[in-house]
Amino acid sequence: MRQLRPIDLAREHGISSQAVRNYEEAGILPRAARTPSGYRAYTPLHAQALRAFVALIPAHGHHTATAVLRAVNEDALEEALRLIDESHAQLLEDRRTLTAVENALRDLAPTPPEHGVTHIGPLARRLGVRPATLRKWEQAGILRPGRDRHTGYRVYASGDVRDAQLAHQLRRGGYLLDQIAPLLTQVRTAGGIAPLEAALSGWRERLSARGLAMLSGAAALDAYLTARGQPSPPP
């Protein structure tokens with residue numbers, strides 16, 4: 001079998017020879033044989049493993065890509081497949097979250113500018129929920145109403161009403177409170193609904209890019225498994 005030097009593998013991906021050696025030490029590449037003079041002797045199989053690893057990183061992240069290659073090199077194919085399944089499941093969950101946010105924004109009733117504030121009772125009636133529900137959302141970090149400095153009562157400004165409406169839509173979509181709280185934080189960080197709507201387009205593009213990367217990563221991993229002589233799954 002043709003022998004390759006670390007630099008031969010490194011050049012293809014624009015990395016250093018030391019990085020290739022580090023990948024071997026980490027178990028990402030199978031162990032290389034040594035020449036009589038002690039140098040590593042890589043083969044086309046190592047090159048294929050490195051291609052698979054590089055292709056899996058944008059699809060599943062560095063940590064999962066490393067774990068997948070280690071499992072394959074240890075002949076633990078089921079573990080490698082489990083890790084990939086988990087990553088696909090996470091992508092699907094991310095897509096569902098994005099769809100829920102998009103639907104919630106689309107269904108969100110326009111909120112006219114409010115120069116004053118409202119209180120928990122009127123807001124609860126407006127949403128068709130109980131005041132206790134709004135207090136529960138506050139405890140979960142979804143709502144952050146102010147307080148009237150004279151009475152101590154909760155007061156909801158226009159931004160709070162917007163957050164309550166969005167949370168209500170997401171709850172109707174089946175989302176849990178601990179899933180909604182970070183989304184509302186994104187709304188506040190973005191400065192409102194309009195900037196978040198613009199950000200959703202970029203979010204969807206990133207998910208699509210990751211999905212396509214998973215296809216490329218699967219092809220590269222399949223090529224490596226074939227090169228290793230890994231048995232193909234039954235038809």
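- Every side-chain hydrogen bond (donor to acceptor under 3.5 Å, both in side chains) that D94 has, sequence neighbours left out, goes to Q90.
- We find that D85 and R82 are not joined by a salt bridge, their nearest charged nitrogen and carboxylate oxygen being 4.0 Å or further apart.
- Between L29 atom CG and Y23 atom OH the span is 9.0 Å, to the nearest 0.5 Å.
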Salt bridge (Lys or Arg N to Asp or Glu O under 4.0 Å) between D75 and R228, worked out: CA-CA 10 Å; D75 295 320; R228 281 175 55 87; 2.6 Å; yes
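- The shortest side-chain heavy-atom distance between D160 and R154 does not fall under the 4.5 Å cut-off.
- Remark: R34 CZ is packed, more than 12 non-hydrogen atoms of other residues, nucleotides or ligands lying under 6.0 Å away.
- Residues forming a side-chain hydrogen bond (donor to acceptor under 3.5 Å, both in side chains) with E25 (at least two apart in sequence, or on another chain): R31, R40.
- Looking at heavy atoms from C-beta onward, N73 lies in side-chain contact with Y224 at the 4.5 angstrom threshold.
- Partners of H62 by ring pair (Phe, Tyr, Trp, His ring centres under 6.0 Å), not counting sequence neighbours, listed by chain and number: F53.
- The minimum heavy-atom distance linking L83 with A67 is given by the pair CD1-CB, 3.6 Å.
- In this structure, L215 shares a hydrophobic cluster with L212, the cluster being traced through Ile, Leu, Val, Met, Phe, Trp and Tyr side chains under 4.5 angstrom apart.
- Atoms CG and OG1, on L56 and T66 in that order, are 9.5 Å from each other to the nearest 0.5 Å.
- Considering only heavy atoms from C-beta on, V20 comes within 4.5 Å of I15 through its side chain.
- Within the 4.5 Å cutoff, the side chain of T43 has no heavy atoms near those of the Q48 side chain.
- Residues V155 and R147 fail the side-chain proximity criterion, which asks for heavy atoms closer than 4.5 Å.
- Under the 30°/60° scheme for interplanar angles, the aromatic rings of H60 and H88 are found to stand perpendicular.
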Could you go step by step and tell me if L127 and T133 meet the side chain to side chain contact (heavy atoms under 4.5 Å, CB included) rule? CA-CA 10 Å; L127 297 177; T133 298; over 6 Å; no
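- When the side-chain hydrogen bond (donor to acceptor under 3.5 Å, both in side chains) test is applied to S37, the partners found at least two apart in sequence or on another chain are T35.
- Side-chain contact between L134 and Y156: present, with at least one pair of heavy atoms (C-beta onward) separated by less than 4.5 Å.
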Evaluate the side chain to side chain donor-acceptor pair (under 3.5 Å) criterion for residues Q165 and R162: first the C-alpha distance (whole Å), next the side-chain angles of each, then the deciding distance (0.1 Å), finally the verdict. CA-CA 5 Å; Q165 288 182 316; R162 173 207 65 204; over 6 Å; no
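- In this structure, CZ on R5 lies 13.0 Å from OH on Y42, to the nearest 0.5 angstrom.
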Using side chain to side chain contact (heavy atoms under 4.5 Å, CB included), reason through R126 and V161 one step at a time and then give a plain yes or no. CA-CA 10 Å; R126 180 170 174 175; V161 173; 3.8 Å; yes
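- Using a 4.5 Å heavy-atom threshold, the side chains of E79 and R70 count as separate.
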Verify side chain to side chain donor-acceptor pair (under 3.5 Å) between S87 and R210, making sure each step is shown before the conclusion. CA-CA 10 Å; S87 190; R210 187 177 171 198; 3.1 Å; yes
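- The shortest distance between side-chain heavy atoms of E24 and H46 does not fall below 4.5 Å.
- Q179 pairs by the side-chain hydrogen bond (donor to acceptor under 3.5 Å, both in side chains) definition with nothing, not counting sequence neighbours.
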